[in-house]
2 protein chains.
Amino acid sequence: MATRQRRTTIAEVAARAEVSPATVSRVMNGRFVGEAAVAERVRAAAAELDYSPSPLARGLALGTTRTVAFVVPDLANPAFQDILSALSKSAARSGYRVLVADSVESPSDELAIATEIRRRCDAIVLCAPRMPESVLAGAIDDLAPIVLINRPGTSANAPMLSIDYLTGIHHLAEHLYSLGHRRLAYVAGPGTSASDQYRRRGLASFTAEHPDVELVALTGGVSLDDGLAAAARVRDSGVTAALAFNDLVAIGLVHGLEDLGVTVPDDVSVTGFDDIPFARYNSPSITTASVPHEELGIQAWDRVAALVAGEEPGHSVQFQPRLELRGSTAAPTR
Amino acid sequence: MATRQRRTTIAEVAARAEVSPATVSRVMNGRFVGEAAVAERVRAAAAELDYSPSPLARGLALGTTRTVAFVVPDLANPAFQDILSALSKSAARSGYRVLVADSVESPSDELAIATEIRRRCDAIVLCAPRMPESVLAGAIDDLAPIVLINRPGTSANAPMLSIDYLTGIHHLAEHLYSLGHRRLAYVAGPGTSASDQYRRRGLASFTAEHPDVELVALTGGVSLDDGLAAAARVRDSGVTAALAFNDLVAIGLVHGLEDLGVTVPDDVSVTGFDDIPFARYNSPSITTASVPHEELGIQAWDRVAALVAGEEPGHSVQFQPRLELRGSTAAPTR
DNA sequence: CTGCCACGAGAAACCGCTTTCTCGGAAGGT
DNA sequence: ACCTTCCGAGAAAGCGGTTTCTCGTGGCAG
């Protein structure tokens with residue numbers, strides 16, 4: 001296939017404009033302070049040769065790549081897609097591009113992946129919910145500038161954006177409680193994930209407040225199929241309501257239950273988490289805790305931009321999920 | 001915040017191992033052919049200093065970045081997310097990373113974005129359905145190595161992976177026809193998009209074969225909200241079935257219709273396109289044409305890998321959508 | 001008329017790594 | 001004992017830019 005093309009270099013432009021490469025560089029970067037005619041000659045030569053500086057060479061000389069990494073456990077997860085989309089758009093406005101990677105194939109390599117990709121760019125937005133705190137703490141200096149996603153409570157010295165899963169699921173549980181539910185199931189996420197543990201802690205504080213509640217934790221997962229697979233377990237557990245790890249699991253669960261002849265919300269109420277667009281469009285629509293993923297992407301970029309500019313980044317923030325009461329929850333009928 | 005750290009360089013390793021940088025380079029790249037003791041000294045020094053070569057400098061010297069760009073109209077579209085996810089995973093296995101960009105904010109900049117991002121990496125996977133053929137043809141040499149997505153019929157000399165939208169929607173229409181539908185609506189996508197035009201052509205060939213069919217084209221879009229917004233127009237058009245541009249539009253449309261008291265599929269049948277996971281989980285589940293997005297991502301990487309290796313890339317292929325008959329279509333009741 | 005300064009632009013060093021070229025020394029052949 | 005050959009490893013030249021340093025020129029003041 002096509003011979004790998006050799007782009008025109010600064011030296012060629014310099015030769016054609018009969019100036020030195022240094023002058024071309026200055027003109028291209030607006031640092032030129034000399035005769036207008038010279039600048040014009042350079043610009044003309046550059047235009048004629050269709051020249052544009054090599055980002056690679058530029059990066060090496062300048063020590064900056066105008067690239068930021070985005071590392072998540074699983075790119076296929078819609079929640080991350082929304083963050084990525086917003087991050088990419090925000091970064092693009094500042095001329096930055098986003099380099100992506102996920103660690104779904106080997107969670108244990110999360111640190112290695114982050115370290116490797118970090119060297120290719122200026123900063124990293126890292127979502128590593130399963131990374132042990134000690135590992136993260138040891139790596140944070142190597143990875144800086146870094147913005148963390150969903151590591152509430154970390155001692156790492158880095159701006160962090162998170163979702164208050166604990167409070168969010170607590171509110172969902174309270175909602176179910178107020179409807180009259182007393183036997184609840186938690187269809188869990190990956191046990192190693194921090195966000196799963198925050199949900200468990202939220203539920204623990206909830207049950208502590210309500211001794212009359214019986215809560216059973218069931219194996220779940222993160223995907224539609226995981227929710228579908230959990231349906232039988234939920235039915236067999238005899239609960240009147242199930243709190244799913246996220247919306248995907250909730251939607252899968254709802255359909256799994258209906259396949260089994262269990263009606264939602266009449267027989268069993270179901271809640272999700274995230275408020276992905278489909279949560280609203282599902283039948284029944286899913287009661288969930290709404291998480292502002294785009295906002296997360298936008299603010300992640302704000303923090304990154306501040307860090308690479310050497311400024312103080314905005315504060316770490318914890319977004320409070322907003323309860324979206326929809327059709328998948330109702331008072332128990334038995 | 002943290003002082004921007006200076007990574008250890010090859011020179012420092014060389015000094016510590018008391019060899020030249022050239023030797024360190026050779027050892028690091030497995031090209032060393034000398035005393036084992038020297039290699040060991042280098043490895044030890046590298047380990048002690050926690051050295052790893054700068055990808056930037058390496059890229060400049062080698063003329064390769066081990067990065068591939070992925071440019072699409074809108075990263076938020078689930079179809080692209082699936083492709084990206086598969087592309088990223090495949091590329092990662094070969095040590096490549098994916099750089100992303102979307103042109104949603106300014107479709108006219110599509111070429112500029114592609115050109116810019118292309119310079120940062122070794123190849124590009126480009127999905128630019130709205131780019132005029134003449135523009136694409138003129139840019140293809142600049143962008144090579146390049147793999148195109150969804151540009152069937154392009155004269156560009158580049159491997160291309162596409163979906164046969166034309167045949168796919170034709171089959172969907174035939175399905176509706178066989179159910180007895182004679183008055184159909186097409187809830188269109190962006191008029192400028194090539195994939196919309198292929199759908200229109202597919203429908204044109206369908207109506208040509210069935211003169212008894214009345215087809216009306218309605219303004220639609222690409223998103224859930226676009227589908228929702230089209231509901232009233234579909235109802236008012238008096239058709240018994242609607243072919244939506246994609247699954248998102250179809251799902252939005254189904255819910256919009258039901259909000260208006262129109263039942264799917266009893267009053268109006270609806271079809272989608274893509275077979276995103278939610279199409280199956282919607283109520284009613286969406287009859288659609290299934291498109292293998294992950295496969296597209298995988299094969300895109302195969303082509304890229306071949307191109308950068310200087311090999312002949314696999315053939316361009318056109319994937320045939322597979323009809324998924326589900327609950328959103330049924331015989332007309334009036 | 002001389003001396004100083006400002007200014008415009010080039011030479012050269014550098015960013016960090018790879019690779020070709022080169023050279024000194026040891027091994028091997030006669 | 002001498003010359004050739006080979007081998008291990010360093011010196012140096014890029015890769016394509018940016019930036020500091022330097023220098024020659026022209027203008028202005030003394």
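All values derive from a computational prediction rather than experimental measurement. Residue numbering restarts at 1 for every chain, and letters A, B, ... go by the order of the sequence lines.
- A ring-ring contact (aromatic ring centres under 6.0 Å, His included) check over residues 28-58 of chain A, counting only residues at least two apart or in different chains, returns nothing.
- As a whole-Å value, the separation of A:Arg31 CZ from D:dG17 C1' is 13 Å.
- As rounded to whole Å, 13 Å separates atom C1' of D:dC15 from atom CD of A:Glu12.
- For residues 126-135 of chain B, the salt bridge (charged side-chain N to carboxylate O under 4.0 Å, His left out) pairs, not counting sequence neighbours, are B:Glu133-B:Arg151.
- In this structure, CZ of A:Arg7 is placed 16 Å from P of D:dC15, rounded to the nearest angstrom.
- In summary, contact between chain A and DNA chain C, defined as any nucleotide atom under 4.0 Å from a heavy atom of the protein, begins and ends at C:dG8 to C:dG16 in the 5' to 3' direction.
- Computed from coordinates, the A:Ile10 CD1 to D:dC15 C1' distance equals 13 Å when rounded to whole Å.
- The residue among B:Thr23 and A:Ser52 whose nearest nucleotide of DNA chain D is located toward the 5' end is B:Thr23.
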Under 3.5 Å, sequence neighbours excluded: what are the donor-acceptor pairs made by side chains of residues 64-71 of chain A?
unit_1: A:Thr64; atom_1: OG1; unit_2: A:Asp122; atom_2: OD2; d: 2.6
unit_1: A:Thr65; atom_1: OG1; unit_2: A:Thr67; atom_2: N; d: 3.3
unit_1: A:Thr65; atom_1: OG1; unit_2: A:Asp122; atom_2: N; d: 3.4
unit_1: A:Thr65; atom_1: OG1; unit_2: A:Asp122; atom_2: OD1; d: 2.8
unit_1: A:Arg66; atom_1: NH2; unit_2: A:Ser94; atom_2: O; d: 2.7
unit_1: A:Thr67; atom_1: OG1; unit_2: A:Thr65; atom_2: O; d: 3.2
unit_1: A:Thr67; atom_1: OG1; unit_2: B:Arg120; atom_2: NH1; d: 2.9

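- At a threshold of 4.0 angstrom between heavy atoms, the contacts of B:Val24 with the nucleic acid are absent.
- Summarising the geometry, the separation between CG on B:Leu60 and C1' on D:dG17 is reported as 8 Å, rounded to the nearest angstrom.
- When the P atom of D:dC15 is taken as reference, atom CG of B:Leu62 falls 13 Å away, rounded to whole Å.
- Nearest-nucleotide assignment on DNA chain D puts the 5′-proximal partner with B:Glu35, out of B:Glu35 and B:Ala61.
- At whole-Å resolution of the value, CZ in A:Arg26 and C1' in D:dT18 are 9 Å apart.
- Not a single donor-acceptor pair under 3.5 Å links the side chain of B:Asp82 to the backbone N or O of A:Ala76.
- The environment of A:Glu40 atom CD is dense: over 12 non-hydrogen atoms of other residues, nucleotides or ligands sit within 6.0 angstrom.
- Closest approach of A:Pro73 to A:Pro129, counting heavy atoms only: CG-CD, 3.5 Å.
- For the pair A:Val98 and A:Ser88, the tightest heavy-atom approach, listed with the atom from each and the gap, is CG2-CA, 3.7 Å.
- In the set D:dA11, D:dT18, D:dT20, the nucleotide with an atom closest to the side chain of A:Asn29 is D:dT18.
- Note on A:Ser25: a base of the nucleic acid sits closer than 4.0 angstrom, heavy atoms only.
- Along DNA chain C, the nucleotide nearest B:Ala57 and the nucleotide nearest B:Ala22 are compared for position; the residue whose nucleotide lies closer to the 5' end is B:Ala57.
- Taking five base pairs at each end of the helix from C:dC1-D:dG30 to C:dT30-D:dA1 and finding the rotation axis that steps the C1' atoms of four pairs onto the next four gives two axes whose angle is 60°, to the nearest 10°.
- A donor-acceptor contact shorter than 3.5 Å is absent between the side chain of B:Arg7 and the backbone of A:Arg119.
- Among pairs with a residue in residues 84-93 of chain B, those fulfilling salt bridge (charged side-chain N to carboxylate O under 4.0 Å, His left out) read A:Asp74-B:Lys89, A:Asp102-B:Lys89, A:Glu105-B:Arg93, at least two apart in sequence or across chains.
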